[in-house]
Structures are given as C-alpha cells and as structure tokens.
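All chains are named by letter (A, B, ...) in the order of the sequence lines, taking the proteins before the strands, and each is independently numbered beginning at 1. Everything numeric in this text was worked out from a predicted model, so none of it was measured.
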There are 2 protein chains.
Amino acid sequence: MNRTVTVYDIAKEAGVSVATVSRVINSTAPVKATTRDKVAALIEKYHFQPNGLARSLLSKQSKMLGIIMPNIKNPFFPDVFRGAEIRAAKEGYALFLCNTLGNEETESAYLSILRDKQVDGILFLGGRVNRVRCPKDRVQEVAALNQRIPVVLVNGQLVGSGCCRVYTDEEQGMRMLVEHLLQAGHRRIGFLGGMIDDSTTKQKLKAFTDTLQAAGVEVREEWVLHGDYSMTSGMNVMNRLLELAERPTAVCCVNDFAAIGAIKALVGRGLRVPDDMAVAGFDDTPLASWYTPELTTVSQNSELLGETAIEVLLALIRKQSARKSTVLAPELVVRQSTGR
Amino acid sequence: MNRTVTVYDIAKEAGVSVATVSRVINSTAPVKATTRDKVAALIEKYHFQPNGLARSLLSKQSKMLGIIMPNIKNPFFPDVFRGAEIRAAKEGYALFLCNTLGNEETESAYLSILRDKQVDGILFLGGRVNRVRCPKDRVQEVAALNQRIPVVLVNGQLVGSGCCRVYTDEEQGMRMLVEHLLQAGHRRIGFLGGMIDDSTTKQKLKAFTDTLQAAGVEVREEWVLHGDYSMTSGMNVMNRLLELAERPTAVCCVNDFAAIGAIKALVGRGLRVPDDMAVAGFDDTPLASWYTPELTTVSQNSELLGETAIEVLLALIRKQSARKSTVLAPELVVRQSTGR
DNA sequence: ACTAGTTATGAAACCCGTTTCATTACTGGA
DNA sequence: TCCAGTAATGAAACGGGTTTCATAACTAGT
C-alpha cells in the first residue's frame with residue numbers, strides 16, 4: 001500500500017521546502033510563478049490534499065461541530081438538522097450527528113466522543129440534558145463542557161449550565177392553539193404530553209393550563225396524560241383517554257407524532273376527526289400537511305431554528321457576543337384535524 | 001483564557017515524563033502503582049482528555065466515518081442512519097452526516113471535506129453518484145477516492161468505481177409487489193418513479209415491466225411517470241395521471257413519500273384508496289403503518305441495511321476481505337392501500 | 001555481595017501540516 | 001558598480017499525543 005502523499009513528498013519532488021508548498025496551498029505569501037506552477041502541478045498529479053487533522057492540531061479549530069438529538073426518526077429533528085447543516089456548511093463546518101434516544105449513558109458517551117474529536121461547538125436538541133429538573137452532576141457535566149466547548153441548547157433549558165439557548169416560544173404556540181380551540185367552541189380539552197420533566201412538555205402544559213384558566217375553563221386532571229413522543233405512545237395514551245367515562249371534545253398533543261398516534265386510536269374505534277374529537281399536533285412536520293386529515297399544528301420553523309442555533313454557536317466560537325436567549329415565534333397552522 | 005491541559009502539563013505536575021502519562025492513559029505498559037495513582041489523580045483533577053486529533057494523526061485512523069445521502073427528510077434515510085450509527089458507535093466511530101439534495105457540487109464538496117477530515121470510510125446512500133449512467137469523471141472521482149478511503153455504496157451502483165455495495169434487492173421487492181397486485185385482480189397498473197437514471201428507479205421499473213410482461217399484461221407507457229422522491233412530486237405526478245382518458249386501477253410508487261403524495265391527489269379529487277385506485281409505496285417507513293389508509297409497501301429493513309453497510313465498511317477499513325455485493329431480501333407488507 | 005533478569009521510566013523521534021524568523025536572491029536608484 | 005530595500009525561500013519550532021529504544025531502578029538467584 002502506497003503511503004499517503006504529504007507536503008514533504010511534494011516538497012522533495014519539487015526541490016523546494018515544505019514551507020513553500022504550504023504557501024502555494026494557502027496563498028499565504030507570494031511565491032515565484034515558476035515555483036508555484038511546479039508545486040501546483042505535483043499537487044494535481046498526486047491529487048494531494050492536506051491532512052485536515054494536522055492543520056486542526058495547529059490552528060486549534062477542527063471545523064467540526066456536534067449535534068446531539070434524541071431521535072432522528074422524529075421528522076422535526078431532520079428539519080432542524082437541515083437548517084443547521086446548511087448554515088454550517090456555508091462556513092465550512094461539518095456536522096457529527098449523535099442520537100441519544102433519551103438515554104443518559106449514550107448522551108454522556110457522545111459528549112465525551114465529541115470532546116475527543118475536538119469539535120468546535122455542540123448543538124443540543126431537546127434531550128435528557130434539556131430537562132427542567134436535572135441531577136446536579138448532569139448540569140455540572142454540561143457546565144464544565146461549556147467552559148471548554150461552546151454549547152447551545154435548542155428548545156431546551158438547563159438551569160445553571162450557563163449555555164446559550166435558542167428556542168421557539170412553545171408556550172406562546174400552545175397558547176395560540178388553545179385559544180383557537182376555545183374560539184371554535186371547545187370547552188372540554190385534553191392534553192397528551194411527553195415526559196413530564198422535559199422542558200418542552202413542561203412549557204406546553206403550563207401554557208395549556210394558564211390559557212384555559214384565563215378563559216375560565218376547567219382543567220381536568222384526568223385529561224392530562226403523558227407518554228413519550230412516539231406515534232405508538234400517542235395511540236396508547238389516547239386509548240387510555242377513551243376509556244374514561246367522560247371525554248374531551250379536543251386534545252392538544254405534544255408533537256405531530258403523538259397526534260397521529262392519537263388519531264389512529266380514534267379511527268381504530270370508529271371515531272372521526274375532527275367531528276368526534278379535534279386533535280392538534282405540534283411542530284408542523286412535513287407529515288402534518290400530508291396526513292389525512294391534515295393536522296392543525298404549531299409551526300416551529302424548524303429549519304430556521306437550526307440555522308439560528310448554528311449562528312449563535314458560531315458567534316460563541318468566534319468569541320463574539322451572543323445573546324443568552326434567542327426566541328423564535330411560533331405560528332399557528334389551522335388545518336382539518338380541528339376544523340369545521 | 002486558560003490553555004487546554006495537555007499530557008505535558010500533567011507530566012510536569014506529576015514529575016514524570018509524557019511517556020509515562022501516555023502509558024497511564026492507555027494502560028499500554030505497566031506503571032508503578034504510586035506513579036499511576038499520582039497521574040490518574042491529576043487527570044481527574046483537570047478533567048483531562050487527550051486530544052483525539054493528535055492521536056489520529058499518529059495512528060492514522062480518525063475513528064470518524066462519513067455518510068452521504070440525498071435527503072435526511074425522507075424518513076427512509078434516518079432509518080438507515082440509525083442502523084449505521086448503532087453499529088458504528090459500538091466500534092467507537094462517530095458519523096458525519098452529509099445531505100446533498102442530489103446536488104452534484106454539494107456532493108463533490110462533501111467528498112472533499114470528508115477527505116480533509118480524514119474519515120476512515122464513507123457510506124454512500126443512493127445519491128447522484130449512485131446513478132446507473134454517470135459521467136466518466138464522476139465515476140473516476142469516486143474510484144480515485146475509493147483507492148484512498150473505503151467507500152460503500154448503499155442501494156446504488158456505480159459501475160467501474162470498484163466500490164463495495166450493500167443493497168436491498170429492490171427488483172425482487174417490486175416483483176413481489178406487482179405479483180400481489182396481479183393476484184388481487186389488477187390488470188391496469190401504473191408506475192410512479194423517481195429520476196429515471198437513479199438505479200433505485202431503474203431497478204424498480206425493470207422489475208415492474210418484467211413481471212407484468214411475464215404475466216402477459218400490457219405495460220402502458222403513458223402510465224409510467226417520473227418525478228422526484230417527494231410527496232409533492234407524488235401528488236403532481238398522480239394528478240398528471242388522472243388527467244388521462246384511461247386510468248390504471250393500481251399504481252406502484254417509487255417510495256412511501258410518493259405514494260402519500262399520490263393518495264393526496266386522489267383524495268383531493270374525491271377518489272378513494274384502494275377502492276378507486278390501489279396505491280403501493282416502497283421502503284415501509286414508519287409513516288406507512290400510521291398513514292390512513294395504511295400503506296401497502298415493501299420493507300427494506302432499513303436499519304439492517306445501515307448496519308450491514310457499516311459492517312462491510314469496517315471490514316474494508318480493517319483490510320479484511322469483504323464481499324463485493326451484499327444483498328438484503330425485501331419483504332412485502334400488505335396493508336389497506338391495496339387491500340380489499 | 002554480585003550478576004542476571006525484570007520492571008519502570010525518560011529522551012527523542014514521529015505524525016503532517018503552519019508559521020516565524022533568518023537568509024538568500026533579486027530589484028531599482030545613486 | 002554598489003547599496004538599500006523588497007521578494008522569495010528555507011530551517012526549525014510548534015501542536016499534542018504515541019512509541020521505540022536506551023537507561024535506570026529494582027528483584028531474585030547463587
């Protein structure tokens with residue numbers, strides 16, 4: 001096996017020093033035309049490409065970023081990823097994608113790997129680490145990491161970590177959604193959440209409760225149920241709800257997946273959406289507009305979210321000032337699943 | 001800003017040489033217990049973690065892989081990614097995710113970036129590069145790359161590149177699907193493909209044609225239409241189909257996305273699936289079983305595909321023998337969208 | 001007590017680039 | 001023609017680890 005070509009090989013064959021080769025590669029200082037051409041020809045001949053690791057070692061920036069998320073299979077995350085990727089690519093950064101499935105060990109393991117790989121920054125999307133309540137040592141783990149490598153929390157919160165945050169105002173989104181349901185005449189509204197300690201669930205539930213109370217509508221404890229964020233869980237939770245003696249006429253779901261699962265459960269019992277029960281999702285994933293019935297949901301503008309998060313991260317990397325919190329406005333998207 | 005702690009710092013403070021520190025870190029040679037403890041304590045104290053880049057530079061393996069795909073938003077790809085990730089993580093590899101959107105420049109740019117980052121191997125999922133017909137220079141670009149870095153093509157073919165392939169037998173999948181439709185009594189069957197030069201479309205179309213002809217059923221040119229792989233395209237293409245004077249009673253779609261788009265178009269015109277037209281997808285993405293109607297489709301076992309591809313890639317990286325082609329069997333999944 | 005045989009440790013080279021600093025090769029002006 | 005000043009180039013250090021090879025410090029055997 002032929003060893004990889006290095007600047008030294010090029011230099012030797014061109015009869016110049018490695019410094020000159022480097023100068024030709026990076027146009028960092030003038031080189032005599034004939035020399036330049038000779039070196040350039042050799043680079044072309046061997047398809048030489050400098051070793052990025054060696055360069056990174058010296059420059060102390062790897063041009064690599066890590067993005068950690070619970071589950072790439074939930075279409076919300078690919079959307080965010082795309083936004084992040086587009087923005088990152090523009091600045092020459094490549095992205096490690098790390099799925100944790102909400103598993104804490106996996107999360108820690110990835111954190112360690114990313115540090116090992118010397119990523120310049122990390123994007124954290126709503127995972128375990130983004131919980132409202134979180135063991136002190138996890139907070140400290142992230143806080144310590146954040147001292148070395150900039151970490152941006154996306155749609156999440158980790159009090160005491162000192163990380164910058166970029167998030168959609170999910171509370172406002174839920175408020176708009178509930179108000180839409182109230183306006184449509186619903187007075188019996190349920191809530192299908194995710195894990196109760198995740199900030200995304202917590203915020204939505206808070207807005208749900210507040211908005212109903214402000215309107216003088218009762219919040220029925222038995223109609224507030226929790227699952228995870230999968231379709232299966234949405235279906236199961238809805239089935240539990242349907243076993244109650246009294247049912248709501250509408251439910252808000254923590255995300256589109258849960259909504260679809262819920263609808264499946266309803267349809268499975270011969271109930272119709274929205275006639276028998278209105279169902280609303282959250283995130284406005286592509287699914288939402290293609291599902292039958294089309295889903296009423298709250299758009300997060302997920303790509304923009306990813307893009308913005310990267311922008312904040314880049315600012316931190318460049319030691320420019322970045323605001324601690326960047327909030328994006330959600331948008332209510334009314335479709336068939338709650339419609340008249 | 002305090003400089004990152006290095007082995008030298010640890011060595012100095014412990015009063016030993018860097019060699020000893022390295023030995024403690026890697027347990028690569030016996031170290032006197034007292035020395036070991038002293039060094040270990042310092043590592044703990046500073047939360048020292050060796051610089052992976054420096055190590056990679058020497059070991060000539062970065063423990064990083066690249067995975068290139070057209071579009072992470074198509075749920076088939078996250079599935080494959082997960083399979084790949086799980087297997088890769090088990091061996092300590094981290095994955096760069098690169099979306100090309102079928103754009104050739106993006107693809108080339110990513111190829112170059114991955115080389116720069118010194119990835120140990122690359123997984124190529126059905127992108128531009130996986131076309132049946134492909135300009136010579138693209139083939140050569142990949143062939144040349146494959147000389148330096150192992151490349152595995154997933155669900156694709158690039159004749160002359162010399163790359164190993166891992167793929168689902170999509171032809172067989174399509175054959176099973178068409179036979180299922182024939183058995184259900186359909187004699188007027190259409191095909192909604194993707195880009196005609198992509199091997200995935202080509203193979204499916206071939207199997208479609210062959211199976212119909214073998215059964216003595218006419219293949220109607222005007223019922224074979226092409227789009228891309230998106231839901232929007234599926235809808236548009238179906239709308240074109242519906243404008244014809246004569247319509248098929250069933251259509252095979254290149255993937256689940258296209259099928260969903262097609263169904264949307266049908267429903268939009270007040271037609272019912274499967275009664276007015278049977279629609280089949282491909283890939284068995286999670287959507288398929290949750291959509292209404294549930295989609296008849298061909299399961300690729302996408303996670304296994306990713307996992308297997310990584311296995312082949314790892315074998316190549318370790319210079320173990322790997323079979324040139326690994327074929328996975330697809331599985332027909334019959335659900336409502338073609339059902340009685 | 002002395003030697004042979006381990007065990008523990010350190011100095012230095014290496015990986016592959018970039019960059020500083022010094023030196024050499026030019027150029028133009030007097 | 002000679003000198004100052006600029007352009008082009010090279011030697012060597014650096015980044016942060018790992019590894020080889022030699023040496024130093026023990027241990028055990030006689």
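Few gaps surround CZ on A:Arg318; more than 12 heavy atoms of other groups in view lie less than 6.0 Å from it.
Between the CD atom of A:Gln61 and the P atom of C:dT18 there is a distance of 13 Å, given to the nearest Å. A:Lys63 places its NZ atom 17 Å from the C1' atom of C:dG17, with the value rounded to the nearest Å.
Considering all non-hydrogen atoms of both residues, B:Met64 and B:Tyr93 come closest at N-CD2, 3.8 Å.
With hydrogens and angles left out, the side-chain atoms of B:Ser108 and B:Arg138 include a donor and acceptor closer than 3.5 Å. For the residue pair B:Ser56 and B:Gln118, no side-chain donor N or O sits within less than 3.5 Å of a side-chain acceptor on the partner.
Taking 4.5 Å as the limit, some side-chain heavy atom of B:Arg82 sits within range of a side-chain heavy atom of B:Ile86.
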(request) Quick one, give me the B/S/- string for nucleotides 9-25 of chain D, reading 5' to 3', where B means a protein heavy atom under 4.0 Å from the base and S means that only happens at the primed atoms, P, OP1 or OP2. (result) BBB--BBBBBB------
